[in-house]
Amino acid sequence: MPVGTRGAVKGLHPCEVKNTGAQIILGNTYHLHLQPGEDTIKNLGGLHDFTRWDGPILTDSGGFQVFSLAHIRKITEEGVTFKDPRNGDLISLTPEKAMRIQLDLGGDIIMAFDDVVSLDEAGKKRTEEAVQRTHRWLERCVTEFKRLTKDMQDSERPLLFGIAQGGLNRELRAKSIEFVQSCDVDGVAIGGLSVGETREEMHDMLEYLAPLYDPDKAHYLMGVGDPIDFRFAIEHGIDMVDCVMATRNARHGTAWIHKPCTCTNKTGKAGLSGASRAISDSSSLRGSRTVREVPLARTSQKNFATSTECKTCGGGDKKINLNNQQFTEDATVIDPECDCTTCKVPHHTCLNGAELRSATPVASSTSSLVRSSTTSQMPEPPGITEQSSSGHCFRCGEALTGFSRGFLRHQFKVNESLAGSLVSIHNIRYLNRIAEQYYALR
RNA sequence: GUGCCUGUAGCUUAGUAGGUUAAAGCGUCGGGUUGUGGCUCCGAAGAUCGAGGGUUCAAGUCCCUUCAGGCACC
């Protein structure tokens, strides 16, 4: 889920977001409440009409801002007060208010209001307290949610997700997952990770939690991650993630690329972790049990499992910093394997026409969970051509040549925001391609 | 021709009455970024202080000469 905190995925037209294969985006209660306010958004038709994004929208509750804006907030049992950074005004968020705001905003999935703790000493000390409070707040959220939606038809009622906490404490985590799954919620989110712990600590926790998930509910890992963490999460029963890295890194010049693993070890055990390897040979898992039911086994070589990097050939998920001098005269695209509209764009007359409609199959693992409440019409985006993978336009046969690294570096160097937008498209598409590859393995 | 002003990092400048290893912003180069406050954060490289000589324990700073640019006057 690309992140559009303030109602827009930064730098991108909704068509561009859609064309990455993204099925759902995020908005944020805290930011939209401060500006322009849920009343304004409601008066302008709700988030979908307001933002012109006709796909599902998930709104975060503002719980994370309790954590990230720690220097300007105060927590009590009732809720949290923040100082408005613009004018110093005190604003408050409570479980009930978070429900009201999110329902006014009009997203399709709304999140319970939770208490996120840091991993420093102060945070560790209050981990248990935060878990208990998160649970009490969740009960208040569910009550308020039911009260506010009791007159709604099933088709217009948004979904409510609860959030499990517990820091890096396994016992607390297990209790929290169990509690949230026992509540009347449509989905379960894993919160409080990706807040500064090491990759190994996060992966260990995900591995520990995977067998505890109720297969009847969706599981959403909040705030994760880069391609490596994303693969690991999928392999361990996670259905949904969101992360700002794709877009923030893109705006700062970092693009993800995939270096194919060239190892053809006769044992079939190349360096890549279980499912990552399986993608290269997707037939090996086709027809097996679903990912969520059985988290794919990690290889005995832990290092391989926690990174998709192949120790033998260096293949796997990589990143490049397009600001680097080495790309000044680089005529190649970010990633020749990629089919995004930054890496493969027709630069001829075919660009102008409906024939270029996307033919890329889009996975729909979450669509059955989500009822899009909008009827707004979005024009079909100028898409990826049918034969983009072959590198040629299916219509006229001309080569599809995306934006060169040299061009992108130049635009970054002259501070042109187009560069950040183009790389955002690439990075979001990169993650969605990973999701689509796993989806094909079900 | 005469008088005055200005020369410090690639650029714009700070360097106080001479006193530790000449400072900053921008730019350059490299890195970071995980439920987005921040086109951001961190780090590095980069200066024989226009040149030469002198005074002094000590000169970017004072003196002389010279070069370059600018201004004014003849």
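We name chains A, B, ... by the order of the sequence lines, and we start the count at 1 in each one.
- Contacts of A:Gly225 with the nucleic acid, taken as non-hydrogen atoms under 4.0 Å apart, include base atoms.
- Residue contacts for A:Asn415: at a heavy-atom cut-off of 4.0 Å it reaches a base atom on one of the strands shown.
- Comparing the C1' positions of B:G25 and B:U66 gives an interatomic distance of 33 Å, to the nearest angstrom.
- For A:Glu77, the salt bridge (charged side-chain N to carboxylate O under 4.0 Å, His left out) partners at least two apart in sequence or on another chain are A:Arg133, A:Arg136.
- With respect to the salt-bridge test (charged N to carboxylate O, under 4.0 angstrom), the residues A:Asp239 and A:Lys217 do not qualify.
- At a threshold of 4.0 angstrom between heavy atoms, the contacts of A:Thr5 include nucleobase atoms, whether or not backbone atoms are also involved.
- B:A51 and B:A59 are spaced 15 Å apart, taking the P atom of each and rounding to whole Å.
- A residue-by-residue look at A:Glu416 and A:Cys243 shows that A:Cys243 has its nearest nucleotide of RNA chain B further toward the 5' end.
- Within 4.0 Å (heavy atoms only), A:Thr247 reaches at least one base atom of the nucleic acid.
- B:G46 and B:A22 are spaced 13 Å apart, taking the P atom of each and rounding to whole Å.
- Among the protein residues, A:Leu221 comes within range of no part of the nucleic acid, since none of its heavy atoms lies under 4.0 Å from any strand.
- For the P atoms, the distance linking B:G30 with B:A45 amounts to 15 Å, nearest Å.
- No more than 12 heavy atoms of other residues, nucleotides or ligands sit less than 6.0 Å from atom CD of A:Glu128.
- Atom name C1', nucleotides B:C62 and B:U56: the rounded distance is 10 Å, in whole Å.
- Looking at heavy-atom distances under 4.0 Å, A:Leu69 makes contact with a base.
- Taking atom C1' on both nucleotides, B:C5 is separated from B:A9 by 24 Å, rounded to a whole Å.
- Both the sub-6.0 Å distance and the 45° axial angle are satisfied by A:Arg442 relative to the ring of A:Tyr439.
- Contact annotation for A:Gln165: base contact, defined as any heavy-atom pair under 4.0 Å involving a base atom.
- Spacing of C1' atoms, B:C74 relative to B:G3, comes out at 11 Å, to the nearest Å.
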Report task. Please lay out, stage by stage, how A:Asp114 and A:Gln165 fare under the test side chain to side chain donor-acceptor pair (under 3.5 Å). Result -> CA-CA 8 Å; A:Asp114 64 334; A:Gln165 288 292 338; 2.8 Å; yes
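- Residues A:Arg409 and A:Thr328 have side chains that bring a donor and an acceptor to within less than 3.5 angstrom of each other.
- Nucleotides of RNA chain B that come within less than 4.0 Å of any heavy atom of chain A span, from the 5' end to the 3' end, B:U28 to B:U40.
- Sequence order on RNA chain B of the closest nucleotides to A:Gln325 and A:Tyr30 puts A:Gln325 first from the 5' end.
- A gap of 31 Å separates the P atoms of B:A72 and B:G10, to the nearest Å.
- Heavy-atom neighbours of A:Glu178 CD from other residues, nucleotides or ligands within 6.0 Å: at or below the threshold of 12.
- One finds a salt bridge joining A:Asp226 and A:Arg199 here, because a Lys/Arg side-chain nitrogen approaches an Asp/Glu carboxylate oxygen to under 4.0 Å.
- Residue A:Asp114 is in base contact, counting any heavy-atom pair closer than 4.0 Å across all strands shown.
- Backbone-only engagement by A:Arg409 is indicated by non-hydrogen atom pairs under 4.0 Å involving sugar-phosphate atoms exclusively.
- Side-chain contact annotation: A:Asn323 with A:His252, donor-acceptor N/O pair under 3.5 Å absent.
- Residue-level contact check: A:Lys319 touches the backbone only, with heavy atoms under 4.0 Å from sugar-phosphate atoms and none from bases.
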Requested in this report: Under the side chain to side chain donor-acceptor pair (under 3.5 Å) rule, what do A:His33 and A:Asn28 come out as? Steps first, then yes or no, please.
Outcome: CA-CA 8 Å; A:His33 171 63; A:Asn28 194 289; over 6 Å; no
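- Taking the ring centroids of A:Phe82 and A:Tyr30, they lie under the 6.0 Å cut-off.
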Query raised in the report: How does RNA chain B read in dot-bracket, base by base from 5' to 3', with Watson-Crick or G-U pairs under 3.5 Å and | used when the partner is on another strand?
Result: (((((((..((((.....[...)))).(((((.......))))).....(((((..]....)))))))))))).
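- Residue A:Gly192 is in base contact, counting any heavy-atom pair closer than 4.0 Å across all strands shown.
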